[in-house]
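For reference, the structure is listed below as structure tokens.
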Amino acid sequence: MNETIEGILSHYSVREFTDQALTKAEIDLLVKSAQAASTSSFVQAYSIIGVSDMALRESLSEIAGNQPYIIKTGQFFVFVADLSRHHKIGEARGVATDSLSSMERLLVATIDATLAAQNMAIAAESMGLGICYIGGIRNDLAKVAELLRIPDYATPLFGLTVGHPTANSAPKPRLSSELVYHENQYQEKTMDDFIQYDNTIRDYYSARTGGNRVEGWTDQIERGLKHSTRLDLKSFLESKKLGKK
């Protein structure tokens, strides 16, 4: 155990921030920390858009389901899988860029962006800041791309709100390591293996909400399985010349 691991294990999502903006020095340090993440074959296939304009934040909040912590926060970042730079280089060098439309390239760019975001999240928490990932921007990626002027061969993936928390909280219990880690080969689990974790999460939600929410993890997953969401993503990505083959 060391300070870095203690920080990682203490993570929790923050959804209430002061309106104190991050300083330029803080933003620069967070971006540099993000850039220090691993990147496949050094392609660096991502961009980060910092959204400080309040009108833009309000529009993005509306798209994401009116989440107020997109607006009232230190800074809102949007992480972008970005192959547009590579397309520009190919055109300038007279090299065919058809490969940029492959699913593999999209996966590489998505992984690059995600690794960068997690580096930023860990750096932010080490600075005493709080963070929350925002997947809700995928409710209307076409509108987000329009608002942020994102070019072809690039797509927004998720947001990350970073700021000064108004209160402290505690980590949400995760699955036991035995349910996640497999040695050498995948080990199939049964519903019985989830019983203890269900009870843990049921107690957690009950205590956190004063008894207003009482459900296990498998109940939550069941509820999510009943609805298909964001079925327009494939067509949007293809319109941006991504993941077509």
Side-chain angles (χ1 to χ4, degrees), residues 7-35 37 46-82 113-150 154-174 204-210 212-213 220 224 229-230 233:
I8 291 172
L9 295 179
S10 298
H11 163 74
Y12 56 87
S13 295
V14 174
R15 292 179 175 84
E16 291 187 13
F17 301 91
T18 71
D19 56 8
Q20 179 182 349
L22 299 189
T23 66
K24 183 180 184 304
E26 287 172 328
I27 292 172
D28 287 346
L29 186 56
L30 290 172
V31 172
K32 283 184 171 61
S33 296
Q35 288 186 270
Y46 63 91
S47 286
I48 306 167
I49 300 175
V51 183
S52 55
D53 182 276
M54 285 300 170
L56 273 177
R57 281 194 196 175
E58 289 172 2
S59 296
L60 293 171
S61 175
E62 183 178 355
I63 290 168
N66 296 308
Q67 299 181 53
Y69 33 95
I70 291 176
I71 301 170
K72 187 178 180 181
T73 188
Q75 179 67 308
F76 185 61
F77 300 93
V78 174
F79 281 78
V80 178
D82 189 359
T114 305
L115 292 173
Q118 188 62 9
N119 252 31
M120 179 183 284
I122 292 172
E125 291 179 335
S126 77
M127 295 160 62
L129 301 168
I131 69 99
C132 187
Y133 281 97
I134 308 293
I137 67 167
R138 293 194 301 279
N139 290 343
D140 191 346
L141 279 187
K143 184 63 176 177
V144 174
E146 177 186 341
L147 288 169
L148 302 182
R149 300 183 182 179
I150 294 174
T155 180
L157 295 171
F158 50 82
L160 183 67
T161 185
V162 181
H164 298 271
T166 59
N168 295 323
S169 186
K172 184 183 293 186
R174 291 330 199 228
Y204 170 84
Y205 283 138
S206 179
R208 182 177 174 180
T209 65
N212 290 325
R213 180 181 182 185
Q220 187 175 340
T229 60
R230 300 166 185 162
L233 288 182

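Fair warning: this is a prediction, and the values are worked out from it, not measured in the lab. Just so you know, these numbers use all the heavy atoms, side chains as well, and skip hydrogens, waters and symmetry mates.
In this structure, E125 and H11 have side chains that are in contact, with non-hydrogen atoms separated by less than 4.5 Å. Between L60 and I134, every side-chain heavy-atom pair lies at or beyond the 4.5 Å cut-off. Looking only at side-chain heavy atoms (C-beta outward), L147 and V51 stay at 4.5 Å or farther from each other. Contact annotation: the side chain of R208 approaches that of K172 to within less than 4.5 Å [non-hydrogen atoms, C-beta and beyond]. Contact annotation: the side chain of I150 never approaches that of T155 to less than 4.5 Å [non-hydrogen atoms, C-beta and beyond]. For the pair Y69 and V14, the minimum side-chain heavy-atom distance is 4.5 Å or more.
Taking each heavy atom of K72 and D19 in turn, the nearest pair found is CE-N, 3.9 Å. Taking each heavy atom of Q67 and S61 in turn, the nearest pair found is O-OG, 2.9 Å. Nearest heavy-atom pair, I137 versus G159, reported as atom, atom and distance to 0.1 Å: CD1-N, 3.8 Å. For A113 against V80, the heavy-atom pair with the smallest separation is CB-O, 4.1 Å. Minimum heavy-atom separation, A34 to I48: CB-CD1, 3.8 Å. Annotation for A124 and I131: closest pair CB-CG2, 3.7 Å, computed over non-hydrogen atoms.
Rounding to the nearest 0.5 Å gives a distance of 11.5 Å between CG of N119 and OG1 of T114. To the nearest 0.5 angstrom, R230 atom CZ is 4.5 Å from N139 atom CG. With values rounded to the nearest 0.5 angstrom, L160 atom CG is found 7.0 Å from F77 atom CZ. Separating the CD1 atom in I71 from the CD atom in E62 is a distance of 9.5 Å, to the nearest 0.5 Å. L29 contributes atom CG, which lies 7.5 Å from atom OG of S126 (distance to the nearest 0.5 angstrom). Taking CD1 from I70 and CZ from R15, the interatomic distance works out to 11.5 Å, rounded to the nearest 0.5 Å.
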Test side chain to side chain contact (heavy atoms under 4.5 Å, CB included) on E26 and V162; report intermediate values, then the result. CA-CA 10 Å; E26 287 172 328; V162 181; over 6 Å; no

Assess whether side chain to side chain contact (heavy atoms under 4.5 Å, CB included) is satisfied between Q75 and R57, documenting all intermediate values. CA-CA 10 Å; Q75 179 67 308; R57 281 194 196 175; 3.1 Å; yes

L56 and F76: side chain to side chain contact (heavy atoms under 4.5 Å, CB included), yes or no, with the steps? CA-CA 10 Å; L56 273 177; F76 185 61; over 6 Å; no

Mind running side chain to side chain contact (heavy atoms under 4.5 Å, CB included) on Y12 and N168 for me, showing each step along the way? CA-CA 9 Å; Y12 56 87; N168 295 323; 3.6 Å; yes

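For Y46, there are no ring pair (Phe, Tyr, Trp, His ring centres under 6.0 Å) partners, not counting sequence neighbours.
Using cut-offs of 30° and 60° on the angle between ring planes, the pair Y133 and F158 is perpendicular.
Among residues at least two apart or in separate chains, salt bridge (Lys or Arg N to Asp or Glu O under 4.0 Å) pairs with a member in residues 129-145 are K143-E146.
D28 and K32 are not joined by a salt bridge, as no carboxylate oxygen comes within less than 4.0 angstrom of a charged side-chain nitrogen.
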